[in-house]
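Below: one structure, written as structure tokens.
Residue numbers run from 1 in the order of the sequence given. Just so you know, ligand 1 is whichever comes first in the structure, and atom 1 is the first atom listed for that ligand. The figures that follow rest on heavy atoms only: side chains count, while hydrogens, waters and symmetry mates do not.
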Amino acid sequence: MYYEAAEGLARESLDKLQTERLRRVVATCLRSPFYSHRLGELKLTPDDFNSPDDIRKLPFTTKQDLRDNYPYGFLCQPMDQYVRLHASSGTTGTPTAIFYTQNDVDSWAALVARCMYGVGLRKGDVFQNMSGYGLFTGGLGIHYGAERLGCLTVPAGAGNSKRQLKLLSDFHVTGVHIIPSYALYFSGFLKSEGVDPHSLDWRIALIGAEPHTEEARRRIEELLGVKAYNSYGMTELNGPGVAFECQQQAGMHVWEDAYIPEIIDPKTGEHVAEGEVGELVMTTLCREGMPLLRYRTRDLTRFIPGPCACGRTHRRIDRITGRADDMLIIKGCNIYPMQIEQALMSLPEVAHNYLIEIFKEGVMDQLRVKVEIKDDYFVEDMRVLTALQKKIASRLRDEILVTPRVELVQHESIPKSEGKAVRVVDLRDKE
Ligand code: AMP
Ligand code: ZN
């Protein structure tokens, strides 16, 4: 029924497996300059770990630790054992490099293949990877997973919509990997080319790498005529294949035979109550090249309580609602960009792209949201446009408790990035 038996392990067996692997990974970590020092100071050895819960004895690892020990301070194996490196996109700040041994590359591919199988892709499917290759893990990470599963894999890379379309139709592609913001853009491209998305053979899209709302997913499914599944990962934890939706589309299973997930209060570092939102903290259990212990992802989510109807036993996390560090505070209100997206995407007049700008007016921080409007609604009558502007502002106010300036702009007038979308621009030093 599953790609791997591990997906249905009973909780006791998972606990046992996690404990064994936790001991093993602590032993591996003691070989790296960084962890031998850090764990040595605390006199921690593998024998201190007799249940998954003992993980709390370990200190957290942060992005700053990775930066301070860049590039080799976390390596646990001799240099000639490494076959690959990737670097994070630097969504926030300078990049971090992650090194993989051959075993790491293989086990990573197996995890991605498991995710893909779980959403219905099989050997014989034709799979087009429409995300960027290079240092970004969404390229090679997904690519190797698709090959491992046995799909004919098309490494299309990012952008160039005309060529994407040609590959999709010439090779009868049945599954794709695509960044959500590009998926929405691509739907507009298909429309402009007069292509009915249902005339293509695709049925499954893996979407991830950037935050998006349930509303955005529904739009993607409707506009592309596919089922879209949320895929979560980050370079520090391999890349894609960390947590993935199953066909229930009810949260993402975190592969607990490969990771120990925790959710903490970012301020106190303590575990939050079951089901509450906090910062995701992850320990890699299977990596031998560069394992990470209690890595603070800065991503905010919650565990979804209860079992999943698919029968997989691995716990689920909810879609990422933001990052512990991307919260905006405007007029004393805490605002996450995803709240703004959710409000905008619920309005039929709004096209797919938007831009949030923060600027200073006197001493006050102000919020401006540039919103692309669908062509049908972009009329010449100022009264109509003003009414729409007011409607959007009030919808946003309901959601974020602050009334932003709303600027209506024409469809496809906001510059589009090839990789992850840039949604927030801080102009406070510039205006
Ligand atoms: P990178 O390592 O550069 O690929 O960036 C990883 C970050 O991308 C994560 O820490 C998240 O903030 C974000 N991310 C990845 N996948 C998702 C997803 N499915 N939903 C929301 N955010 C995501
Ligand atoms: Zn499930």
Among E288, Q81, R84, exactly one meets side-chain hydrogen bond (donor to acceptor under 3.5 Å, both in side chains) together with T101. Which residue is that?
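Looking at E288, Q81, R84, the match for T101 under the side-chain hydrogen bond (donor to acceptor under 3.5 Å, both in side chains) is E288.
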Only one of K420, H352, R423, E210 forms a side-chain hydrogen bond (donor to acceptor under 3.5 Å, both in side chains) with S181, so which one is it?
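It is E210; the other options fail the test.
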By the definition ring pair (Phe, Tyr, Trp, His ring centres under 6.0 Å), identify the one residue from Y72, F74, Y70 that meets it with F99.
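When ring pair (Phe, Tyr, Trp, His ring centres under 6.0 Å) is applied between F99 and each of Y72, F74, Y70, only Y72 qualifies.
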So which bit of [X] gets within less than 4.0 Å of ligand 1, heavy atoms only: side chain, backbone, both or neither?
X	result
I207	neither
E210	backbone
D299	side chain
P211	both
M252	neither

For ligand 1 and [X], I'd like to know whether there is a polar contact (N/O to N/O, distance under 3.5 Å).
X	result
T137	no
H212	no
A209	yes

If I take the Zn ion (ligand 2) as the centre, what angle separates the SG atom of C308 from the NE2 atom of H253? Nearest 10 degrees is fine.
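About 110°, to the nearest ten degrees.
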How far apart are the C-alpha atoms of E214 and R217, what are their side-chain angles, what is the distance that settles it, and do they pass the salt bridge (Lys or Arg N to Asp or Glu O under 4.0 Å) test?
CA-CA 5 Å; E214 187 60 39; R217 185 241 293 276; 3.0 Å; yes
Taking only Lys NZ, Arg NE, NH1 and NH2, and the carboxylate oxygens of Asp or Glu, determine whether E193 and K162 approach each other closer than 4.0 Å.
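The answer is yes: the pair qualifies as a salt bridge.
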I'd like to know if E236 and K63 make a salt bridge, using a cut-off of under 4.0 Å between side-chain N and carboxylate O.
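Looking at E236 and K63, the cut-off is met.
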Report yes or no: do Q77 and Y82 form a side-chain donor-acceptor pair below 3.5 Å?
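No, no side-chain donor-acceptor contact under 3.5 Å.
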Just by distance, with hydrogens left out, do Q102 and D106 show a side-chain donor and acceptor under 3.5 Å apart?
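Short answer, yes.
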Would you indicate which of K420, K63, R323 comes nearest to atom 5 (O) of ligand 1 when only heavy atoms are counted?
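Residue with the shortest heavy-atom distance to the ligand atom: K420.
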Going by the atom numbers of ligand 1, which of them fall below 4.0 Å from some non-hydrogen atom of [X]?
X	answer
S231	16 (N), 17 (C), 18 (C), 19 (N)
F136	4 (O)
G208	19 (N)
N230	18 (C), 19 (N)
T235	1 (P), 2 (O), 3 (O), 4 (O)

With a distance cut-off below 6.0 Å to the six-membered ring centre and an angular limit of 45° from the axis, does R428 pair with F359 as a cation-pi contact?
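No, R428 does not sit over the ring of F359.
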Could you go step by step and tell me if R203 and D125 meet the salt bridge (Lys or Arg N to Asp or Glu O under 4.0 Å) rule?
CA-CA 10 Å; R203 41 175 230 286; D125 270 305; 2.8 Å; yes
